Protein chains: 2
Amino acid sequence: MSRRIQILRRATEVFERQGVNRTSIEDIANAVGIKREAIYYYFKSRADILLKIILPQSTSLVMGLGAIINSNLPAEQKLEAAIRNHLDRFNPNYLEMTVALREDHFLEDESKAAELRGVWNEYTHLWTRLIEEGQEHGIFKPGLDARMVANGILGMCNWMSRWYDPGKSIPIDKILEIFFTMVAHGIVDPAAAASRPAAPKKPARARKAAPKD
Amino acid sequence: MSRRIQILRRATEVFERQGVNRTSIEDIANAVGIKREAIYYYFKSRADILLKIILPQSTSLVMGLGAIINSNLPAEQKLEAAIRNHLDRFNPNYLEMTVALREDHFLEDESKAAELRGVWNEYTHLWTRLIEEGQEHGIFKPGLDARMVANGILGMCNWMSRWYDPGKSIPIDKILEIFFTMVAHGIVDPAAAASRPAAPKKPARARKAAPKD
DNA sequence: TAGGATTTTTACGGCCCTGTAAAAAATTCC
DNA sequence: GGAATTTTTTACAGGGCCGTAAAAATCCTA
(Lines give C-alpha, C1' and ligand atoms only; values in the text may rest on other atoms or scores of the structure.)
Protein backbone atom coordinates (compact mmCIF):
# COMPACT_ATOMS: atom_id res chain seq x y z
CA MET A 1 0.00 0.00 0.00
CA SER A 2 1.43 3.32 -1.01
CA ARG A 3 2.46 5.65 1.71
CA ARG A 4 0.09 8.24 0.40
CA ILE A 5 -2.88 5.94 0.83
CA GLN A 6 -1.56 4.86 4.19
CA ILE A 7 -1.52 8.43 5.38
CA LEU A 8 -5.09 8.95 4.24
CA ARG A 9 -6.23 5.82 6.02
CA ARG A 10 -4.54 6.64 9.28
CA ALA A 11 -5.63 10.24 9.08
CA THR A 12 -9.21 9.10 8.68
CA GLU A 13 -8.91 6.99 11.80
CA VAL A 14 -7.40 9.76 13.86
CA PHE A 15 -9.92 12.30 12.60
CA GLU A 16 -12.70 9.93 13.50
CA ARG A 17 -11.30 9.28 16.95
CA GLN A 18 -10.26 12.77 18.04
CA GLY A 19 -12.29 14.97 15.79
CA VAL A 20 -10.80 16.95 12.95
CA ASN A 21 -10.16 20.21 14.70
CA ARG A 22 -8.31 18.57 17.56
CA THR A 23 -6.00 16.67 15.27
CA SER A 24 -2.67 18.14 14.23
CA ILE A 25 -0.51 17.01 11.35
CA GLU A 26 1.86 15.64 13.93
CA ASP A 27 -0.87 13.37 15.29
CA ILE A 28 -1.33 11.93 11.84
CA ALA A 29 2.40 11.50 11.34
CA ASN A 30 2.66 9.66 14.65
CA ALA A 31 -0.13 7.32 13.63
CA VAL A 32 1.74 6.52 10.46
CA GLY A 33 5.10 6.27 12.19
CA ILE A 34 6.97 9.03 10.42
CA LYS A 35 8.06 12.56 11.22
CA ARG A 36 5.57 15.34 10.88
CA GLU A 37 7.41 17.06 8.05
CA ALA A 38 7.31 13.98 5.87
CA ILE A 39 3.60 14.49 5.49
CA TYR A 40 4.27 17.64 3.52
CA TYR A 41 5.90 15.58 0.83
CA TYR A 42 2.48 14.12 0.03
CA PHE A 43 -0.01 16.77 1.07
CA LYS A 44 0.24 20.49 1.35
CA SER A 45 -1.86 20.94 4.45
CA ARG A 46 -4.26 19.28 6.82
CA ALA A 47 -7.15 20.71 4.83
CA ASP A 48 -5.73 19.05 1.78
CA ILE A 49 -5.72 15.67 3.48
CA LEU A 50 -9.25 16.23 4.67
CA LEU A 51 -10.51 17.05 1.23
CA LYS A 52 -8.83 14.02 -0.29
CA ILE A 53 -10.69 11.91 2.25
CA ILE A 54 -14.08 13.49 1.95
CA LEU A 55 -14.45 14.50 -1.67
CA PRO A 56 -14.33 11.04 -3.30
CA GLN A 57 -16.75 9.71 -0.74
CA SER A 58 -19.14 12.57 -1.34
CA THR A 59 -19.09 12.37 -5.10
CA SER A 60 -19.62 8.64 -5.03
CA LEU A 61 -22.62 9.26 -2.81
CA VAL A 62 -24.03 11.68 -5.35
CA MET A 63 -23.44 9.34 -8.23
CA GLY A 64 -25.15 6.51 -6.41
CA LEU A 65 -28.20 8.64 -5.88
CA GLY A 66 -28.15 9.80 -9.47
CA ALA A 67 -28.27 6.21 -10.68
CA ILE A 68 -31.23 5.47 -8.46
CA ILE A 69 -33.17 8.46 -9.70
CA ASN A 70 -32.51 7.54 -13.31
CA SER A 71 -33.69 3.98 -12.74
CA ASN A 72 -37.27 3.06 -13.42
CA LEU A 73 -38.13 1.83 -9.99
CA PRO A 74 -41.40 3.04 -8.49
CA ALA A 75 -41.00 6.07 -6.25
CA GLU A 76 -41.33 4.19 -3.01
CA GLN A 77 -38.56 1.80 -3.91
CA LYS A 78 -36.41 4.65 -5.11
CA LEU A 79 -36.84 6.15 -1.71
CA GLU A 80 -35.72 3.01 0.02
CA ALA A 81 -32.79 2.55 -2.33
CA ALA A 82 -31.72 6.15 -1.81
CA ILE A 83 -31.73 5.77 1.95
CA ARG A 84 -29.78 2.57 1.62
CA ASN A 85 -27.29 4.25 -0.69
CA HIS A 86 -26.67 6.77 2.03
CA LEU A 87 -26.67 4.48 5.04
CA ASP A 88 -24.36 1.93 3.50
CA ARG A 89 -21.58 4.48 3.64
CA PHE A 90 -21.58 4.16 7.40
CA ASN A 91 -20.35 0.63 6.92
CA PRO A 92 -17.77 -0.30 9.56
CA ASN A 93 -15.01 -0.16 6.97
CA TYR A 94 -15.74 3.35 5.94
CA LEU A 95 -15.04 6.03 8.48
CA GLU A 96 -15.03 8.73 5.85
CA MET A 97 -18.69 9.48 6.32
CA THR A 98 -18.47 10.13 10.02
CA VAL A 99 -15.45 12.31 9.50
CA ALA A 100 -17.16 14.19 6.72
CA LEU A 101 -20.34 14.84 8.63
CA ARG A 102 -19.40 15.18 12.23
CA GLU A 103 -18.04 18.66 12.02
CA ASP A 104 -18.41 21.62 9.79
CA HIS A 105 -16.36 24.63 8.80
CA PHE A 106 -13.11 22.73 8.73
CA LEU A 107 -11.85 23.87 5.41
CA GLU A 108 -9.98 27.12 5.90
CA ASP A 109 -9.34 27.36 2.18
CA GLU A 110 -12.48 28.92 0.78
CA SER A 111 -12.13 27.54 -2.72
CA LYS A 112 -11.88 23.99 -1.42
CA ALA A 113 -14.79 24.57 0.91
CA ALA A 114 -16.82 25.81 -2.02
CA GLU A 115 -16.02 22.73 -4.04
CA LEU A 116 -17.25 20.45 -1.30
CA ARG A 117 -20.29 22.58 -0.68
CA GLY A 118 -21.15 22.29 -4.35
CA VAL A 119 -21.20 18.52 -4.16
CA TRP A 120 -23.48 18.55 -1.17
CA ASN A 121 -25.79 21.07 -2.78
CA GLU A 122 -26.11 18.79 -5.74
CA TYR A 123 -26.86 15.89 -3.46
CA THR A 124 -29.62 17.77 -1.69
CA HIS A 125 -30.98 18.87 -5.01
CA LEU A 126 -31.16 15.30 -6.28
CA TRP A 127 -32.98 14.23 -3.16
CA THR A 128 -35.45 17.04 -3.63
CA ARG A 129 -36.11 15.88 -7.14
CA LEU A 130 -36.66 12.32 -5.99
CA ILE A 131 -39.37 13.54 -3.64
CA GLU A 132 -40.94 15.85 -6.19
CA GLU A 133 -41.16 13.13 -8.79
CA GLY A 134 -42.83 10.83 -6.31
CA GLN A 135 -45.36 13.55 -5.65
CA GLU A 136 -45.95 14.20 -9.33
CA HIS A 137 -46.59 10.51 -9.88
CA GLY A 138 -49.17 10.59 -7.12
CA ILE A 139 -47.23 8.17 -4.96
CA PHE A 140 -46.13 10.64 -2.35
CA LYS A 141 -48.44 13.03 -0.58
CA PRO A 142 -48.78 16.36 -2.32
CA GLY A 143 -48.35 19.64 -0.47
CA LEU A 144 -45.24 18.75 1.49
CA ASP A 145 -42.33 20.99 0.57
CA ALA A 146 -40.00 18.57 -1.16
CA ARG A 147 -36.90 20.43 -0.13
CA MET A 148 -37.86 20.23 3.51
CA VAL A 149 -38.70 16.57 3.26
CA ALA A 150 -35.26 16.02 1.79
CA ASN A 151 -33.69 18.00 4.60
CA GLY A 152 -35.54 15.88 7.11
CA ILE A 153 -34.46 12.59 5.63
CA LEU A 154 -30.88 13.73 5.21
CA GLY A 155 -30.80 14.92 8.79
CA MET A 156 -32.06 11.60 10.00
CA CYS A 157 -29.33 9.81 8.10
CA ASN A 158 -26.50 12.24 8.60
CA TRP A 159 -27.00 12.47 12.31
CA MET A 160 -25.91 8.86 12.49
CA SER A 161 -22.40 10.25 12.38
CA ARG A 162 -23.00 11.38 15.94
CA TRP A 163 -24.29 8.18 17.50
CA TYR A 164 -23.59 5.23 15.24
CA ASP A 165 -20.87 2.97 16.55
CA PRO A 166 -19.93 0.33 13.95
CA GLY A 167 -19.10 -2.30 16.48
CA LYS A 168 -21.79 -1.67 19.04
CA SER A 169 -24.88 -0.27 17.36
CA ILE A 170 -27.59 -2.14 15.50
CA PRO A 171 -26.62 -3.34 12.03
CA ILE A 172 -27.18 -0.90 9.21
CA ASP A 173 -29.86 -3.06 7.62
CA LYS A 174 -32.00 -2.76 10.70
CA ILE A 175 -31.60 0.98 10.81
CA LEU A 176 -32.51 1.23 7.17
CA GLU A 177 -35.70 -0.71 7.80
CA ILE A 178 -36.72 1.58 10.64
CA PHE A 179 -35.84 4.83 8.90
CA PHE A 180 -37.59 3.80 5.73
CA THR A 181 -40.73 2.80 7.58
CA MET A 182 -40.74 6.09 9.44
CA VAL A 183 -40.34 8.23 6.38
CA ALA A 184 -42.58 6.25 4.06
CA HIS A 185 -45.45 5.26 6.33
CA GLY A 186 -44.86 6.87 9.68
CA ILE A 187 -44.76 5.40 13.13
CA VAL A 188 -48.44 5.81 13.91
CA ASP A 189 -50.22 2.49 13.61
CA PRO A 190 -52.97 2.91 10.99
CA ALA A 191 -54.98 0.09 12.57
CA ALA A 192 -55.14 1.97 15.84
CA ALA A 193 -55.81 5.24 14.08
CA ALA A 194 -58.81 3.74 12.26
CA SER A 195 -60.57 2.98 15.53
CA ARG A 196 -60.08 6.48 16.81
CA PRO A 197 -61.93 9.78 16.03
CA ALA A 198 -60.58 10.24 12.53
CA ALA A 199 -57.15 10.13 11.06
CA PRO A 200 -56.49 13.71 9.97
CA LYS A 201 -54.51 13.98 6.76
CA LYS A 202 -52.83 17.07 8.05
CA PRO A 203 -51.25 17.25 11.48
CA ALA A 204 -53.10 18.97 14.29
CA ARG A 205 -52.68 22.70 14.10
CA ALA A 206 -50.11 24.53 16.11
CA ARG A 207 -51.47 25.20 19.51
CA LYS A 208 -49.76 28.51 20.10
CA ALA A 209 -50.42 30.60 17.02
CA ALA A 210 -53.17 30.49 14.44
CA PRO A 211 -56.14 32.20 16.07
CA LYS A 212 -58.12 31.64 12.89
CA ASP A 213 -58.52 28.53 10.72
CA MET B 1 -27.12 44.42 30.54
CA SER B 2 -24.29 43.04 32.56
CA ARG B 3 -20.98 42.61 30.85
CA ARG B 4 -21.05 38.93 31.62
CA ILE B 5 -24.31 38.46 29.75
CA GLN B 6 -23.05 40.69 26.99
CA ILE B 7 -20.03 38.47 26.52
CA LEU B 8 -22.20 35.37 26.34
CA ARG B 9 -24.45 36.98 23.76
CA ARG B 10 -21.64 38.16 21.53
CA ALA B 11 -19.81 34.90 21.93
CA THR B 12 -22.89 33.05 20.79
CA GLU B 13 -23.05 35.21 17.70
CA VAL B 14 -19.42 34.74 16.84
CA PHE B 15 -19.56 31.01 17.48
CA GLU B 16 -22.57 30.76 15.24
CA ARG B 17 -20.92 32.78 12.51
CA GLN B 18 -17.40 31.34 12.46
CA GLY B 19 -17.86 28.02 14.15
CA VAL B 20 -16.62 27.28 17.63
CA ASN B 21 -13.25 25.82 16.80
CA ARG B 22 -12.29 28.72 14.61
CA THR B 23 -13.14 31.28 17.22
CA SER B 24 -10.51 32.52 19.66
CA ILE B 25 -11.09 34.35 22.88
CA GLU B 26 -9.71 37.39 21.15
CA ASP B 27 -12.44 37.19 18.53
CA ILE B 28 -15.01 37.28 21.27
CA ALA B 29 -13.31 40.16 23.03
CA ASN B 30 -13.24 42.13 19.78
CA ALA B 31 -16.94 41.56 19.28
CA VAL B 32 -17.57 42.93 22.74
CA GLY B 33 -15.14 45.78 22.34
CA ILE B 34 -12.70 44.97 25.12
CA LYS B 35 -9.23 43.49 25.38
CA ARG B 36 -8.87 39.76 25.25
CA GLU B 37 -7.59 39.44 28.79
CA ALA B 38 -10.64 41.13 30.24
CA ILE B 39 -12.63 38.06 29.33
CA TYR B 40 -10.71 36.09 31.92
CA TYR B 41 -12.19 38.23 34.63
CA TYR B 42 -15.57 36.63 33.85
CA PHE B 43 -14.77 33.20 32.44
CA LYS B 44 -11.86 30.89 32.91
CA SER B 45 -11.66 29.56 29.37
CA ARG B 46 -13.38 29.37 26.04
CA ALA B 47 -14.81 26.01 27.03
CA ASP B 48 -16.28 27.66 30.08
CA ILE B 49 -18.06 30.23 27.95
CA LEU B 50 -19.30 27.54 25.66
CA LEU B 51 -20.72 25.50 28.47
CA LYS B 52 -22.48 28.51 29.96
CA ILE B 53 -24.14 29.03 26.61
CA ILE B 54 -25.12 25.47 25.90
CA LEU B 55 -25.96 23.91 29.23
CA PRO B 56 -28.96 26.08 30.18
CA GLN B 57 -30.39 25.65 26.72
CA SER B 58 -29.96 21.91 26.87
CA THR B 59 -31.46 21.44 30.29
CA SER B 60 -34.42 23.59 29.38
CA LEU B 61 -34.92 21.38 26.36
CA VAL B 62 -34.94 18.30 28.57
CA MET B 63 -37.36 19.84 31.02
CA GLY B 64 -39.72 20.82 28.25
CA LEU B 65 -39.78 17.27 26.99
CA GLY B 66 -40.24 15.92 30.50
CA ALA B 67 -43.35 18.05 30.94
CA ILE B 68 -44.79 16.78 27.68
CA ILE B 69 -44.23 13.16 28.62
CA ASN B 70 -45.84 13.66 32.00
CA SER B 71 -48.87 15.31 30.46
CA ASN B 72 -51.88 13.21 29.61
CA LEU B 73 -52.02 14.02 25.93
CA PRO B 74 -52.51 11.10 23.57
CA ALA B 75 -49.28 9.71 22.18
CA GLU B 76 -49.61 11.29 18.78
CA GLN B 77 -50.04 14.74 20.23
CA LYS B 78 -47.17 14.17 22.60
CA LEU B 79 -45.08 13.42 19.57
CA GLU B 80 -46.05 16.63 17.89
CA ALA B 81 -45.53 18.65 21.03
CA ALA B 82 -42.12 17.09 21.54
CA ILE B 83 -41.00 17.97 18.06
CA ARG B 84 -42.29 21.48 18.54
CA ASN B 85 -40.47 21.74 21.86
CA HIS B 86 -37.29 20.95 20.02
CA LEU B 87 -37.81 23.00 16.90
CA ASP B 88 -38.88 26.11 18.73
CA ARG B 89 -35.35 26.45 20.04
CA PHE B 90 -34.19 27.29 16.56
CA ASN B 91 -36.19 30.46 16.86
CA PRO B 92 -34.38 33.40 15.25
CA ASN B 93 -33.61 34.87 18.63
CA TYR B 94 -31.88 31.81 19.91
CA LEU B 95 -28.60 30.92 18.30
CA GLU B 96 -27.62 28.66 21.17
CA MET B 97 -29.07 25.60 19.53
CA THR B 98 -27.12 25.94 16.33
CA VAL B 99 -23.95 26.54 18.27
CA ALA B 100 -24.64 23.58 20.50
CA LEU B 101 -25.35 21.16 17.69
CA ARG B 102 -23.22 22.22 14.80
CA GLU B 103 -19.98 20.79 16.06
CA ASP B 104 -18.89 18.16 18.47
CA HIS B 105 -15.88 17.44 20.63
CA PHE B 106 -15.39 21.04 21.59
CA LEU B 107 -15.07 20.62 25.29
CA GLU B 108 -11.46 19.85 26.06
CA ASP B 109 -12.27 19.55 29.75
CA GLU B 110 -13.53 16.01 30.13
CA SER B 111 -15.59 16.61 33.24
CA LYS B 112 -17.49 19.38 31.54
CA ALA B 113 -17.95 17.30 28.44
CA ALA B 114 -19.34 14.50 30.58
CA GLU B 115 -21.83 16.84 32.20
CA LEU B 116 -23.17 17.94 28.85
CA ARG B 117 -23.21 14.43 27.52
CA GLY B 118 -25.28 13.39 30.50
CA VAL B 119 -27.95 15.92 29.69
CA TRP B 120 -28.15 14.77 26.11
CA ASN B 121 -28.28 11.14 27.14
CA GLU B 122 -31.20 11.94 29.35
CA TYR B 123 -32.88 13.75 26.51
CA THR B 124 -32.50 10.79 24.18
CA HIS B 125 -33.74 8.52 26.89
CA LEU B 126 -36.88 10.57 27.38
CA TRP B 127 -37.55 10.51 23.67
CA THR B 128 -37.17 6.76 23.66
CA ARG B 129 -39.68 6.49 26.44
CA LEU B 130 -42.13 8.67 24.58
CA ILE B 131 -41.98 6.31 21.64
CA GLU B 132 -42.19 3.19 23.79
CA GLU B 133 -45.24 4.42 25.62
CA GLY B 134 -46.94 5.18 22.35
CA GLN B 135 -46.23 1.64 21.27
CA GLU B 136 -47.47 0.16 24.51
CA HIS B 137 -50.71 2.10 24.16
CA GLY B 138 -51.12 0.66 20.69
CA ILE B 139 -50.95 4.04 19.04
CA PHE B 140 -47.53 3.61 17.47
CA LYS B 141 -46.54 0.63 15.41
CA PRO B 142 -44.99 -2.17 17.43
CA GLY B 143 -41.70 -3.74 16.45
CA LEU B 144 -39.79 -0.58 15.65
CA ASP B 145 -36.80 -0.14 17.94
CA ALA B 146 -37.82 2.89 19.99
CA ARG B 147 -34.26 4.02 20.50
CA MET B 148 -33.64 4.09 16.78
CA VAL B 149 -36.86 5.90 16.09
CA ALA B 150 -35.78 8.49 18.61
CA ASN B 151 -32.38 8.76 16.95
CA GLY B 152 -34.07 9.28 13.63
CA ILE B 153 -36.34 12.03 14.83
CA LEU B 154 -33.59 13.76 16.72
CA GLY B 155 -31.36 13.62 13.69
CA MET B 156 -34.04 15.16 11.56
CA CYS B 157 -34.42 18.02 14.02
CA ASN B 158 -30.81 18.49 15.01
CA TRP B 159 -29.58 18.60 11.47
CA MET B 160 -31.47 21.85 11.12
CA SER B 161 -28.44 23.41 12.74
CA ARG B 162 -26.66 22.84 9.46
CA TRP B 163 -29.14 24.32 7.04
CA TYR B 164 -31.70 26.42 8.86
CA ASP B 165 -31.23 30.11 8.28
CA PRO B 166 -33.54 32.16 10.56
CA GLY B 167 -34.01 34.95 8.11
CA LYS B 168 -34.18 33.02 4.89
CA SER B 169 -35.61 29.55 5.51
CA ILE B 170 -39.24 28.55 5.89
CA PRO B 171 -40.83 29.48 9.23
CA ILE B 172 -40.44 26.95 12.01
CA ASP B 173 -44.17 26.22 12.10
CA LYS B 174 -44.07 25.01 8.54
CA ILE B 175 -41.10 22.77 9.21
CA LEU B 176 -42.81 21.34 12.24
CA GLU B 177 -45.83 20.45 10.16
CA ILE B 178 -43.74 18.66 7.57
CA PHE B 179 -41.53 16.82 10.02
CA PHE B 180 -44.47 15.72 12.11
CA THR B 181 -46.36 14.45 9.09
CA MET B 182 -43.31 12.53 7.94
CA VAL B 183 -42.66 10.85 11.23
CA ALA B 184 -46.26 10.20 12.20
CA HIS B 185 -47.83 9.16 8.91
CA GLY B 186 -45.08 9.07 6.31
CA ILE B 187 -44.80 10.73 2.96
CA VAL B 188 -46.39 7.93 0.96
CA ASP B 189 -49.94 8.83 0.03
CA PRO B 190 -52.22 6.13 1.47
CA ALA B 191 -54.84 6.85 -1.17
CA ALA B 192 -52.38 6.00 -3.89
CA ALA B 193 -51.09 3.00 -1.98
CA ALA B 194 -54.61 1.55 -1.69
CA SER B 195 -54.96 1.37 -5.45
CA ARG B 196 -51.67 -0.44 -5.88
CA PRO B 197 -50.67 -4.11 -5.32
CA ALA B 198 -50.83 -4.06 -1.54
CA ALA B 199 -49.47 -1.73 1.08
CA PRO B 200 -46.85 -3.80 2.89
CA LYS B 201 -46.67 -3.12 6.59
CA LYS B 202 -42.97 -3.78 6.51
CA PRO B 203 -40.68 -2.19 3.96
CA ALA B 204 -39.55 -4.19 0.98
CA ARG B 205 -36.67 -6.45 1.86
CA ALA B 206 -33.11 -5.46 1.27
CA ARG B 207 -32.15 -6.34 -2.26
CA LYS B 208 -28.56 -7.28 -1.53
CA ALA B 209 -28.68 -9.71 1.37
CA ALA B 210 -31.43 -11.99 2.63
CA PRO B 211 -31.43 -15.02 0.32
CA LYS B 212 -34.24 -16.52 2.34
CA ASP B 213 -37.47 -14.84 3.50
C1' DT C 1 -14.31 63.70 47.21
C1' DA C 2 -11.54 60.18 49.26
C1' DG C 3 -11.14 55.39 49.90
C1' DG C 4 -12.40 50.88 48.56
C1' DA C 5 -14.14 47.68 45.30
C1' DT C 6 -14.73 46.49 40.67
C1' DT C 7 -13.29 46.26 36.05
C1' DT C 8 -9.97 46.77 32.36
C1' DT C 9 -5.43 47.11 30.56
C1' DT C 10 -0.45 46.34 30.14
C1' DA C 11 3.37 43.23 30.44
C1' DC C 12 5.11 38.91 29.97
C1' DG C 13 6.31 33.89 29.42
C1' DG C 14 5.17 29.74 27.27
C1' DC C 15 3.28 26.15 24.45
C1' DC C 16 1.95 24.14 20.18
C1' DC C 17 1.50 24.10 15.59
C1' DT C 18 2.72 25.46 10.88
C1' DG C 19 5.49 25.38 6.68
C1' DT C 20 10.00 25.87 3.96
C1' DA C 21 14.58 24.50 2.62
C1' DA C 22 18.44 21.90 2.55
C1' DA C 23 20.81 17.66 3.98
C1' DA C 24 20.71 12.78 4.59
C1' DA C 25 19.00 8.28 3.79
C1' DA C 26 16.73 4.80 1.16
C1' DT C 27 15.20 3.07 -3.23
C1' DT C 28 15.34 2.09 -7.86
C1' DC C 29 17.27 1.58 -12.30
C1' DC C 30 20.75 0.85 -15.59
C1' DG D 1 27.61 -1.22 -7.65
C1' DG D 2 27.09 3.50 -8.79
C1' DA D 3 24.21 7.27 -10.27
C1' DA D 4 19.69 9.18 -10.27
C1' DT D 5 15.39 9.47 -8.13
C1' DT D 6 12.42 9.17 -4.39
C1' DT D 7 11.55 9.56 0.36
C1' DT D 8 12.56 10.98 5.04
C1' DT D 9 14.87 13.70 8.38
C1' DT D 10 17.12 17.74 10.43
C1' DA D 11 17.26 22.64 11.06
C1' DC D 12 15.02 26.75 11.50
C1' DA D 13 11.90 30.81 11.50
C1' DG D 14 7.47 32.48 12.57
C1' DG D 15 2.76 33.01 14.22
C1' DG D 16 -1.25 32.39 17.10
C1' DC D 17 -3.36 31.61 21.13
C1' DC D 18 -3.35 30.82 26.04
C1' DG D 19 -3.37 32.22 30.83
C1' DT D 20 -1.22 34.74 34.99
C1' DA D 21 0.01 38.74 37.60
C1' DA D 22 0.44 43.25 38.56
C1' DA D 23 -0.72 47.98 37.39
C1' DA D 24 -4.01 51.31 35.92
C1' DA D 25 -8.46 53.06 35.31
C1' DT D 26 -13.24 53.30 36.47
C1' DC D 27 -17.08 53.05 39.41
C1' DC D 28 -19.38 53.31 43.91
C1' DT D 29 -20.54 54.89 48.10
C1' DA D 30 -20.18 57.02 52.40
Side-chain angles (χ1 to χ4, degrees), chain A residues 1-55 99 102-113 115-116, chain B residues 1-55 99 102-113 115-116:
Chain A
M1 175 173 46
S2 93
R3 169 87 358 139
R4 188 189 165 77
I5 304 279
Q6 189 189 9
I7 292 174
L8 286 177
R9 285 232 209 297
R10 295 306 179 113
T12 307
E13 292 167 10
V14 181
F15 283 154
E16 139 82 14
R17 185 161 8 100
Q18 309 188 341
V20 173
N21 54 50
R22 305 190 64 186
T23 300
S24 68
I25 295 189
E26 182 143 30
D27 292 332
I28 298 170
N30 286 343
V32 177
I34 55 179
K35 295 277 174 189
R36 177 181 68 84
E37 289 86 347
I39 301 280
Y40 289 98
Y41 182 75
Y42 299 93
F43 303 94
K44 47 190 276 276
S45 69
R46 192 188 63 160
D48 187 25
I49 299 177
L50 199 49
L51 197 68
K52 293 293 193 316
I53 292 173
I54 293 177
L55 202 52
V99 171
R102 190 122 58 182
E103 297 163 61
D104 205 358
H105 292 287
F106 28 42
L107 292 179
E108 32 271 334
D109 182 342
E110 180 48 36
S111 78
K112 284 178 183 170
E115 189 177 355
L116 192 57
Chain B
M1 177 173 44
S2 94
R3 170 100 337 154
R4 188 189 166 78
I5 304 279
Q6 189 190 9
I7 292 174
L8 286 177
R9 284 232 209 297
R10 295 306 181 114
T12 307
E13 292 167 9
V14 182
F15 283 153
E16 138 82 15
R17 185 160 9 99
Q18 308 188 339
V20 173
N21 54 50
R22 306 190 63 186
T23 300
S24 68
I25 294 189
E26 182 144 30
D27 293 331
I28 298 170
N30 286 343
V32 177
I34 56 179
K35 295 278 174 188
R36 178 181 66 83
E37 289 85 347
I39 300 280
Y40 290 98
Y41 182 76
Y42 299 92
F43 303 94
K44 48 191 275 275
S45 68
R46 193 189 61 160
D48 187 25
I49 298 178
L50 199 50
L51 198 67
K52 294 293 194 317
I53 292 174
I54 293 176
L55 202 53
V99 171
R102 190 122 59 182
E103 298 162 61
D104 204 359
H105 291 287
F106 27 44
L107 292 179
E108 33 270 333
D109 182 343
E110 180 49 35
S111 79
K112 283 178 184 170
E115 188 176 355
L116 192 57

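Because the structure is predicted, anything quoted here is derived from the model rather than measured. In the text below, chain A, chain B and the rest are named by the order of the sequence lines, each starting its count at 1.
- Side-chain contact between L8(A) and Y42(A) is absent, with no heavy-atom pair separated by less than 4.5 Å.
- Each of L55(A), L51(A), I54(A) was scored for a side-chain contact (heavy atoms from CB on, under 4.5 Å) with K112(A), with one residue passing: L51(A).
- To the nearest angstrom, P of dC15(C) lies 18 Å from CD of E108(B).
- A straight line from CZ of R36(B) to P of dC12(C) spans 15 Å, rounded to a whole angstrom.
- Not a single donor-acceptor contact under 3.5 angstrom links the side-chain atoms of R46(B) to the base of dG19(D).
- Rounded to an integer number of Å, the gap from Q6(B) CD to dT7(C) P is 13 Å.
- Two residues are said to be in side-chain contact when any heavy atoms from C-beta on lie closer than 4.5 Å; I25(A) and Y40(A) meet this criterion.
- Taking atom CZ of F43(A) as the reference point, atom P of dT18(C) lies 15 Å away to the nearest angstrom.
- For E26(A) and dT9(D), the CD to C1' distance is 13 Å, given to the nearest whole Å.
- Regarding D48(B), its CG atom lies at a distance of 13 Å from the C1' atom of dG19(D), rounded to whole Å.
- Counting non-hydrogen atoms under 4.0 angstrom, R3(A) reaches the backbone sugars and phosphates but no base.
- Side-chain contact annotation: Q6(B) with R9(B), donor-acceptor N/O pair under 3.5 Å absent.
- In this structure, D27(A) atom CG and dT18(C) atom C1' are separated by 13 Å, rounded to whole Å.
- Side-chain contact between I28(B) and F15(B) is present, with at least one heavy-atom pair separated by less than 4.5 Å.
- One finds no side-chain N or O of Y40(B) lying less than 4.0 angstrom from the OP1 or OP2 phosphate oxygen of dT8(C).
- Residue K35(A) places at least one side-chain N or O under 4.0 Å from the OP1 or OP2 atom of dT10(D).
- Atom-to-atom, CD1 of I28(A) to P of dG19(C) comes out at 12 Å; the value is rounded to the nearest Å.
- Between Y41(A) and dT7(D) there is a side-chain N or O to OP1 or OP2 distance below 4.0 Å.
- Residue Y42(A) is the one, among E37(A) and Y42(A), whose nearest nucleotide of DNA chain D lies closer to the 5' end (criterion: closest heavy atom).
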